[in-house]
2 protein chains.
Amino acid sequence: MGVEKIDTKSKILDIAEGFIVQGGYNAFSFRDIAEAVGIKSASVHYHYSTKADLVSAVMARYTESFFRQLPDPTDESLDPKIMINGFIDGFKAKIVDQRDMSLCTMLTSNKGILPESVGHELAAFYQFLLDWLSRIFVRLEKIDEDSGLIQASQLLACLHGASILVQGTDKPDFFDKALSRWKAHCLPSSLL
Amino acid sequence: MGVEKIDTKSKILDIAEGFIVQGGYNAFSFRDIAEAVGIKSASVHYHYSTKADLVSAVMARYTESFFRQLPDPTDESLDPKIMINGFIDGFKAKIVDQRDMSLCTMLTSNKGILPESVGHELAAFYQFLLDWLSRIFVRLEKIDEDSGLIQASQLLACLHGASILVQGTDKPDFFDKALSRWKAHCLPSSLL
DNA sequence: TTCTATCTACCTAGTGATAGATAGAATTAT
DNA sequence: ATAATTCTATCTATCACTAGGTAGATAGAA
């Protein structure tokens, strides 16, 4: 412990996450990471013994920090419209401004070649996220849980699909086009 | 020419396409393909000299056969609702019944590591498809071209996102959930 | 005789992973 | 307090294997 030099372990995760969102599971090697961190590949293995471990750790950290940033959907003092809008804007920032895919979109498309553990983590991530969105829609539109889940699925699908469209066409405009229904639907009350 | 034994060249494309939709660009090798076809890897190179050539050929064939199957959007004898529904159902068959990603979703997520030529083909594919969908929406809802493109973007995003959701959660139900708005919206007149 | 499609054999460059050494920090024993 | 020990994080060197790609031979068809 002590002076906390910039932790190599999380530096590795940062760089691995960057490589994954740019090219997926098979598009980087331990040597790539080692070079970027400034150590040797054997030292990367010291921190994460296998590639599966490494990707699993990236996913776990992502999930943890993702949900830590989300507000409590049942907090009555928060406007559900603003929560949804914040969520959409956060997603947009990632895929339009940074111009790469979200970690989960990328890993999901790689699911067939991923260690099984990562597959489970992915599924859990989506379940949790859909649940979060559902609760907000239930509040926002005073609907039952099933309908909330449907709304949540639609929004989440639109967001992921929008990122494919932006990436595939190289035209960031498609993000707003694909999301226009939701933007209109979820304008914060302050603007109505 | 002549007796047309089952063409090795297209057998290679079939198998390559299968590998790509299952795991993406980096998840298969010439040796994998050779083994599946029943020849040696050097013989695969005879037909497609580089991996970029091969994937490019897969994409070109896919694009060609995809658009050959689409009806003429301006054909007044065809019901636009049925065309949209047929499109959705075709997509669903691919990703829900066959349980893998569409070639384009997969390649788009791999775009960062793809040969540039394939990137251009992908962009062209999406432009063409969005145009096709736009024309139908313009007819269906008697709207202008810009609004047609917005509808088209939304539907296409929903479809791609639905495939991510299905793959990520392992729950095929999410396809219909994510698409329910469009199914309701585009019921063929015969059922109204 | 030339063309087509295949083969065997190989190359170079990388892959994930391991073994063993080492310098220095932290901990424990005397 | 100091000496002995263990732990941490790194290294060098290497393994067995796979990658995409190439050269050259060959059998059969045109």
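Chain naming here is simple, since letters A, B, ... match the order of the sequence lines and numbering starts at 1 in each. Computed from a predicted structure; not experimentally measured.
Classification of the Phe28(B)-Tyr25(B) ring pair by plane angle, with boundaries at 30° and 60°, yields perpendicular. In this structure, Phe30(B) and His45(B) have parallel ring planes: the angle between them is below the 30° cut-off, well short of the 60° mark.
When the side-chain nitrogen and oxygen atoms of Ser29(B) are compared with OP1 and OP2 of dT18(D), none of them lie within a distance under 4.0 Å. Using a 4.0 Å cut-off, no side-chain N or O of Tyr46(A) falls inside it from OP1 or OP2 of dT10(D).
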For nucleotides 21-23 of chain C, give me every protein contact, N/O to N/O, under 3.5 Å, one pair per line with atom names.
none

N/O contacts under 3.5 Å, protein versus nucleotides 7-11 of chain C?
from	atom 1	to	atom 2	distance (Å)
dC7(C)	OP2	Lys40(B)	N	2.7
dC7(C)	OP2	Ser43(B)	OG	2.6

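The separation between Asp53(B) atom CG and dG20(D) atom P is 13 Å, rounded to whole Å. The distance from atom CZ of Phe30(B) to atom P of dT6(C) is 15 Å, rounded to the nearest whole Å. dT15(C) atom P lies 11 Å from atom CG of Asn26(A), rounded to whole Å. In this structure, His45(A) places its NE2 atom 13 Å from C1' of dA19(C), rounding to the nearest Å. Rounded to a whole Å, the CD1 atom of Ile113(B) is 13 Å from the P atom of dT15(C). Whole-Å rounding puts the Tyr25(A) OH to dT15(C) P distance at 13 Å. Rounded to an integer number of Å, the gap from NZ of Lys9(A) to P of dA9(D) is 8 Å. Here the C1' atom of nucleotide dT6(C) and the NE2 atom of His47(B) are 8 Å apart, to the nearest Å.
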#### Entry: For DNA chain D, the dot-bracket pattern of Watson-Crick and G-U pairs whose distances stay under 3.5 Å, | for other-strand partners
||||||||||||||||||||||||||||||
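At a cut-off of 3.5 Å, with distance as the only test, no side-chain donor of Thr105(A) or Thr108(A) sits close to an acceptor on the other residue.
With sequence neighbours excluded, the residues forming a ring pair (Phe, Tyr, Trp, His ring centres under 6.0 Å) with Phe128(A) are Phe67(A), listed by chain and number. For Glu17(A), the salt bridge (charged side-chain N to carboxylate O under 4.0 Å, His left out) partners two or more places apart in sequence, or in a different chain, are Arg61(A).
Contacts classified as salt bridge (Lys or Arg N to Asp or Glu O under 4.0 Å) and involving residues 104-124 of chain A (residues at least two apart or in different chains) are given here: Lys111(A)-Asp170(B).
Taking CG from Asp72(B) and CE from Met83(B), the interatomic distance works out to 7.5 Å, rounded to the nearest 0.5 Å. How far CG of Leu149(B) is from CD1 of Ile143(B): 10.0 Å, rounded to the nearest 0.5 Å.
Residue Phe28(A) is in sugar-phosphate contact alone, with no base atom involved, counting any heavy-atom pair closer than 4.0 Å across all strands shown.
Here Asp131(B) pairs with Arg135(B) in a salt bridge; the nearest charged N to carboxylate O distance falls below 4.0 Å.
By the 6.0 Å and 45° rule, Lys9(B) does not stack over the aromatic ring of Tyr46(B).
Partner of Phe87(A) under the ring pair (Phe, Tyr, Trp, His ring centres under 6.0 Å) criterion, chosen from Trp132(A), Phe137(A), Trp182(A): Trp132(A).
Ring centroid separation for the pair Phe125(B) and His120(B) does not come in under the 6.0 Å cut-off.
Side-chain proximity of Thr8(A) to the nucleotides dT6(C), dG20(D), dT10(D) is greatest for dT10(D). In this structure, of dG21(D), dT10(D), dG16(C), it is dG16(C) that holds the atom nearest to the side chain of Lys51(A).
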